[in-house]
Amino acid sequence: MKKLFTTLSNIWKIQELKERILFTVMILLVYRFVSHVVLPGVDPSALGANEKSGILGLLDMFAGGSFSRVSILALGVMPYISASIVVQLLGIAVPTFQKMQKEGESGRKKLNQITRYLTVAITIVQSVGYVKTQVPAEAILPVMSQTMFYVVSTFVLTAGTLFVMWLGEKITDKGIGNGTSLIIMTGIIARLPQAISQEFSDKVGAASTGGGPVALVLEVVALFAIVMFTILIVQGVRKVPVQYAKKIVGNRQFGGVRQYIPLKVNAAGVMPIIFAQALMFIPGALIQFVPSLQGSWLIQFSNTTSLAYSLTFAFLIIAFTFFYTAITVNPTQMSDDMKKNGGFIPGVKPGFATSTFIDDVISKITFPGAVFLAIIAVLPSIAVKFGIKQEFAHFFGGTSLLILVGVVLDTLQQIESYLLMRHYDGLMKTGRVTGRTGVPAASSNAAL
C-alpha cells in the first residue's frame, strides 16, 4: 500500500505527466457532457426507456448510452473504428495499401487521411439509417419538415462523429495516448454505476427477487476472478529467442546480443468476437423482417442465452481467431526481416525453416487464445443463466471486458514509461506492464 501511494505521488511530481492526465480527464468530461445533447428537433421526454438489444445494444454500450438517447454523438467512434478495420484489411489484400504501409511516416499519414475520408462516408450512410429506423416518430417535434429533419440530423450526426474522432486524436497527441480506446472505455464505464445499482436492488433491495447479500458478494468475487484471468491471458506472450550476429566496424562491436520475439497468446484482440457477433445477429434480423420464420429453428439462434447460440458463437470465434491471426501475423516477413538484420533463432536455419518454426509456434499458442476468447464471449450468457441482471452481466465477459482490460493495461503502460524515463519506480515491483501489444510502451499501438 505504501508503494502505491509513493507511485501516485511520483506521478504527480512529473509536470508533463500531470498535465497530460488532467488534459485527458478534461476531454473525457467534455465528451460525456456533449453526449447528453439530443438531436435538434427531438423531444427527449418522448423517448421513454428506448433501450436497445442485440447489435444495437452493443453500439449503445460503445457510445455510452448516446445511441439510445438520440444524442448528437449517437454514432460515437464506431464509424471511425469501421473505417480503420477496412483500411487495415485493405493493407493485407491490396498492393497499393501495402506499399503505403512500408513508406514509414509519410505512408502512415496517407493511410490516416484515407481513414478519415472513409469515416465521413460511413458516417453519412449510418446517419441516414439511424434517423430513419431509431428515432421514434412521436419524438420528432413539428418544427421542420420530415425531409429537413433527416438532412439536418445527418449533418449533425456526421459532425458529432468527427468531433469525437477529433477528441480522440487530441487525447493521443496531448493526453496519455490511446484516445479512441479511452473514449470507448469511458462510454462502457459510464453504464457500470447503473448496472451495479440494478444488481444491488435485485439482490438486497426492496424489490429483491432473491439471492441476498451472499449472492451479491459471490458475484463480485467471480467478476474479480474473471478480470484477473483476462489480464493473465491478454498479457501472455511466447518469447521466441533471437540471436544477432556480431559485426566489428573499426574499434566498435555491433550486434552479438540476444533478444526475443514476443508472440501474443491473444494476437487477434477483440476482432473475432466482433466478427462473430455480426454473423450471429443475422438470424434475429431475418426473423424480424420475415414473420413466417417466427416458429422456425432459427428462433434458437436469436436467443443469446440458448445452448445452440452459445456453441455456435464459440465455434465462430475460434474460427475467426485463427483467420484473423493468419492475415495479420506474417511469419515469412518476420523471417525475412530477421535475416536482413543478421538475426537467427538458435537451432533453426534462417529463411524457410525459420518461417515454418514461427508459424508452428503461432498455431500452437493461438488455439488456447481462441478458446479463451470463446469462453470470455459466452460468460455473459452464463451469468444471465445464474440470475445476474443483463446490464451487470455485460461486464462478466464479451467485448466490453476485453476492451476495459486492454485499455487500462495500455494506459498503465504509458504512465509507467513516463515514470521509468524520469528514473522513478514503475507501477509494479517486478516485471513490466506489457499492455495488449507486447512491445515497449514508447511504440505501443493504440488501435483496438
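In what follows, every heavy atom counts, from backbone to side chain, and hydrogens, waters and symmetry copies are set aside.
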Inset, instruction - Could you tell me whether Glu103 and Lys110 have a side-chain N and a carboxylate O separated by less than 4.0 Å? - result: yes
Legend entry - Minimum heavy-atom distance between Ile317 and Ala276, given as atom pair plus value: CG1-CB, 3.7 Å
Inset, instruction - Spell out, as yes or no, whether a donor-acceptor pair under 3.5 Å connects the side chain of Ser71 to the backbone of Ser66. - result: no
Legend entry - Donor-acceptor contact present, side-chain Tyr130 to main-chain Thr154, <3.5 Å: no
Legend entry - Atom pair CD1 (Ile81) and CD (Gln88), whose distance is rounded to the nearest 0.5 Å: 10.5 Å
Legend entry - Euclidean distance, Ile365 CD1 relative to Asp360 CG, rounded to 0.5 Å: 10.5 Å
Legend entry - Spacing of CD1 belonging to Ile114 relative to CG belonging to Leu118, to within rounding of 0.5 Å: 9.0 Å
Legend entry - Closest non-hydrogen atom pair, Arg20 against Asp173: NH1-O, 3.3 Å
Inset, instruction - Could you tell me whether a side-chain N or O of Asn178 sits under 3.5 Å from a main-chain N or O of Ser181, the two making a donor and an acceptor? - result: no
Inset, instruction - List the atom of Phe395, the atom of Ile188, and the distance in Å for their closest heavy-atom pair. - result: CZ-O, 3.6 Å
Inset, instruction - Give the minimum heavy-atom separation between Phe97 and Gly91, together with the two atoms involved. - result: CB-CA, 3.7 Å
Legend entry - Atom pair CD1/CG of Ile226 and Leu401 - distance to nearest 0.5 Å: 7.5 Å
Inset, instruction - Sort out for me which residue in Ile122, Thr119, Val77 forms a side chain to side chain contact (heavy atoms under 4.5 Å, CB included) with Ser82. - result: Ile122
Inset, instruction - Answer whether the closest heavy-atom distance between the side chains of Lys109 and Asn112 falls below 4.5 Å. - result: no
Legend entry - Lys174 bridged to Glu16 by N-O distance under 4.0 Å: no
Legend entry - Distance (rounded to the nearest 0.5 Å) between Asp336 CG and Thr354 OG1: 9.5 Å
Inset, instruction - For side chain to side chain contact (heavy atoms under 4.5 Å, CB included), just list the numbers for Ile27 and Phe23, CA-CA rounded to whole Å, side-chain angles, deciding distance to a tenth of an Å, and then say yes or no. - result: CA-CA 6 Å; Ile27 292 294; Phe23 180 82; 3.7 Å; yes
Legend entry - Separation of Asn266 CG from Thr325 OG1 (nearest 0.5 Å): 8.0 Å
Legend entry - side chain to side chain contact (heavy atoms under 4.5 Å, CB included) assessment of Leu223 paired with Phe392: CA-CA 10 Å; Leu223 179 60; Phe392 193 51; 4.0 Å; yes
Legend entry - Side chains of Val405 and Phe229 in contact at under 4.5 Å (non-hydrogen atoms): no
Legend entry - Verdict with supporting geometry, Gln134 and Ser68, side chain to side chain contact (heavy atoms under 4.5 Å, CB included): CA-CA 8 Å; Gln134 301 303 317; Ser68 58; over 6 Å; no
Legend entry - Side chain to side chain, Leu162 and Val120, heavy atoms closer than 4.5 Å: yes
Legend entry - Heavy-atom pair of closest approach, residues His394 and Ser400: O-OG, 2.7 Å
Inset, instruction - Could you check if a side-chain atom of Met338 sits within less than 4.5 angstrom of a side-chain atom of Ile345, using non-hydrogen atoms only? - result: yes
Give the table of side-chain donor-acceptor pairs shorter than 3.5 Å for residues 372-385, with sequence neighbours excluded, one pair per line with atom names and distance.
residue : atom : partner : partner atom : Å
Ser381  : OG   : Thr304  : O            : 2.8
Lys385  : NZ   : Thr305  : O            : 3.4

Inset, instruction - Please tell me if the side chains of Val242 and Phe344 come closer than 4.5 Å, counting only heavy atoms from C-beta onward. - result: no
Legend entry - Minimum heavy-atom distance between Ser363 and Phe322, given as atom pair plus value: O-CE2, 4.1 Å
Inset, instruction - Mark yes or no for whether Thr24, through its side chain, and Ile176, through its backbone, hold a donor-acceptor pair below 3.5 Å. - result: yes
Inset, instruction - Could you tell me whether the side chain of Ser197 and the main chain of Pro193 form a donor-acceptor pair under 3.5 Å? - result: no
Legend entry - Donor-acceptor pair, side chain of Glu199 and main chain of Lys389, under 3.5 angstrom: yes
Inset, instruction - Assess the pair Tyr309 and Phe313: is the distance between their ring centroids shorter than 6.0 Å? - result: yes
Legend entry - Side-chain (Ser417) to main-chain (Gln414) donor-acceptor, under 3.5 angstrom: yes
Inset, instruction - Indicate yes or no for a side-chain donor-acceptor contact from Ser335 to the backbone of Pro331 under 3.5 Å, with no hydrogens or angles considered. - result: no
Legend entry - Full working for side chain to side chain contact (heavy atoms under 4.5 Å, CB included) between Phe320 and Ile273: CA-CA 8 Å; Phe320 276 122; Ile273 296 181; over 6 Å; no
Legend entry - Side-chain donor/acceptor of Ser127 to backbone N/O of Leu157, under 3.5 Å: no
